[in-house]
Every structure is written in structure tokens, then in C-alpha cells.
Peer 1: 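Submitted below is the structure of interest, expressed as C-alpha cells.
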Amino acid sequence: MVKLAIIIGSTRPGRKAEAVARWVYQIAKKRKDAQFEVVDIQAFNLPLLDEAVPPSMGQYSQPHTKAWAAKIASFDGYVFVTPEYNHAPSGALKNAIDYLYAEWNNKAAGFVSYGSAGGARAVEQLRLIMGELQVADVRAQVMLSLFTDFENFTTFKPAAMHENYVNTMLDQLIAWAGAMTVLRNK
Ligand SMILES: Cc1cc2nc3c(=O)[nH]c(=O)nc-3n(C[C@H](O)[C@H](O)[C@H](O)COP(=O)(O)O)c2cc1C
């Protein structure tokens, strides 16, 4: 069975990302075809990238990098829960992604985004980044609106239809994460 991380993509005080990630987890854990874990970037206390050698060389020196690398290496795929900041993912998420290389390679990813336009533009940028990291990103994505899925733009109250979208995204992600394990084991 594949193991998937649900990554909380914001470290901002008062962030919405945690409520969204916990909601994804509640839907995901009803499934019997994969294992899920919420992974909070904030818990790893990553400063702005402070490794001297590019991550693609795999020579990590800092304890926080080693801890983050071990956590990310332990999964077959990822659900990135991402806000949209200036039409992009948060700096915190981009920084956390940039820290590693081989740990992401030949894995799969799906996206849950939120913003005034459903976070769509942040995910378009994440898809470009995934290409560079050799991550297969699935088509189905969950786009939550600040206008209709958050009461007063604050309290997360997702429309019921989004549960189906989460499961469609997970269907694709679990299939691709499984396929990528075959590639990694070659
Ligand atoms: C620096 C910054 C830039 C933002 N830019 C956008 C944007 O381009 N598009 C958008 O839909 N929302 C934008 N927002 C609003 C965020 O979507 C909203 O604040 C959301 O709650 C951020 O996610 P978080 O609470 O999990 O950090 C921006 C927010 C911040 C803090």
C-alpha cells in the first residue's frame, strides 16, 4: 500500500492551510487503498535554504535538512495543500521543496489549493517545479474559494461537492504513486 503525505503548505500565524490539510486527511483516512500522514513544514523549522551544496548533490549538512529529507523520503507521494501568495505558492512551501532533490524524484503529487481564484495560479507554478524534480503530478485538483468555502474569508466551511474532488484527486494520485514505486524499484 502506498504511503502519502498531506503537506501543510503555509507557516503563517493564523494560516488556513492547517484546517484544509486536516479536512483532506479526514476524507483520505476513510480510504483503504493508501496510508496518509499530515506533514507540517512548520515543525521542521527550516530557515531559508542554508545548505552550501545544491540539493541535487545529496550532501546535506544541517540537522534540519536531514530530518526533513528523512520524512519526505518515507513517502511514495504527496498532496500539497497550498495557498496562493502573489499568484504563486507560499515562500515557505517553495523553500521546503527546494531543500531536497532525490527524495522527491520518481514520486507522484496532487494539489489542494485555495485563494480568490481557487489557488489555481499557485498550482500552475507548482506543476512547473514538479517537472524539475521528476514528480508526476496528477490532473485532478481541488480548488477552494476564499469567497464560498471560507465563512467571512476566515473559517473553513467547504462546499460538500469538494469531498468528491478530493477523492478523484486521490484516485489518480494513489494510482500514479503505485506506478512510480515500480520505476523506483527497477
Ligand atoms: C503575501 C500574500 C499574498 C497573497 N496573494 C494572493 C494572491 O495572489 N491570490 C489570492 O487568491 N490570494 C492571495 N492572498 C490571500 C491568501 O490566499 C489568503 O491570505 C490565505 O489565507 C493564505 O493562506 P494561509 O492562511 O494558509 O497562509 C495573499 C496572501 C498573502 C499573505
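Values in this document were obtained by computation on a predicted structure and should not be read as measured data. Both ligands and their constituent atoms are indexed starting at 1 by order of listing.
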Peer 1: Looking only at protein heavy atoms, identify the closest one to atom 29 (C) of ligand 1 and say how far it is in Å.
Peer 2: Y85 CD2, 3.8 Å

Peer 1: Measure A17 to ligand 1 on non-hydrogen atoms and call it side chain, backbone, both or neither using the 4.0 Å cut-off.
Peer 2: both

Peer 1: Which residue owns the protein heavy atom closest to atom 5 (N) of ligand 1, what's the atom, and how far is it?
Peer 2: N86 N, 2.8 Å

Peer 1: Find all atoms of ligand 1 within a distance of less than 4.0 Å from any non-hydrogen atom belonging to G115, and give their numbers and elements.
Peer 2: 11 (O)

Peer 1: Could you identify the single nearest non-hydrogen protein atom to atom 12 (N) of ligand 1 and state the distance to 0.1 Å?
Peer 2: E84 O, 3.3 Å

Peer 1: So F111 and F80, would you call those rings parallel, tilted or perpendicular, with 30° and 60° as cut-offs?
Peer 2: parallel

Peer 1: If you count heavy atoms of other groups shown closer than 6.0 angstrom to CD of Q134, is the number above 12?
Peer 2: yes

Peer 1: Could you check, using the six-membered ring where one of them is a Trp, whether F36 and Y25 have ring centers closer than 6.0 angstrom?
Peer 2: no

Peer 1: Out of all atoms in ligand 1, which are within 4.0 Å of some heavy atom of S116? Include the element for each.
Peer 2: 10 (C), 11 (O)

Peer 1: What part of V20, side chain, backbone, both or neither, has a heavy atom within less than 4.0 angstrom of ligand 1?
Peer 2: neither

Peer 1: Kindly compute the distance separating CD (E37) from NZ (K29), expressed to the nearest 0.5 Å.
Peer 2: 13.5 Å

Peer 1: Would you mind checking which non-hydrogen protein atom is closest to atom 21 (O) of ligand 1, with the distance to 0.1 Å?
Peer 2: K16 NZ, 2.8 Å

Peer 1: Which ligand 1 atoms are under 4.0 Å away from a heavy-atom of L146?
Peer 2: 17 (O)

Peer 1: Quick check on contacts: which atoms of ligand 1 are under 4.0 angstrom from a heavy atom of P83?
Peer 2: 22 (C), 23 (O)

Peer 1: When rounded to the nearest 0.5 angstrom, what is the spacing between OH in Y114 and OG in S10?
Peer 2: 5.0 Å

Peer 1: Could you establish whether Y114 and ligand 1 come within less than 4.0 Å of each other, counting only heavy atoms on the residue side?
Peer 2: yes

Peer 1: Any chance the side chains of D137 and Y78 put a donor and an acceptor closer than 3.5 Å?
Peer 2: no

Peer 1: Take atom CZ of R184 as the centre, draw a 6.0 Å sphere, and report whether it contains more than 12 heavy atoms from other residues, nucleotides or ligands.
Peer 2: yes

Peer 1: Hey, could you give me the CD1/CZ distance between I41 and R15, rounded to the nearest 0.5 Å?
Peer 2: 9.0 Å

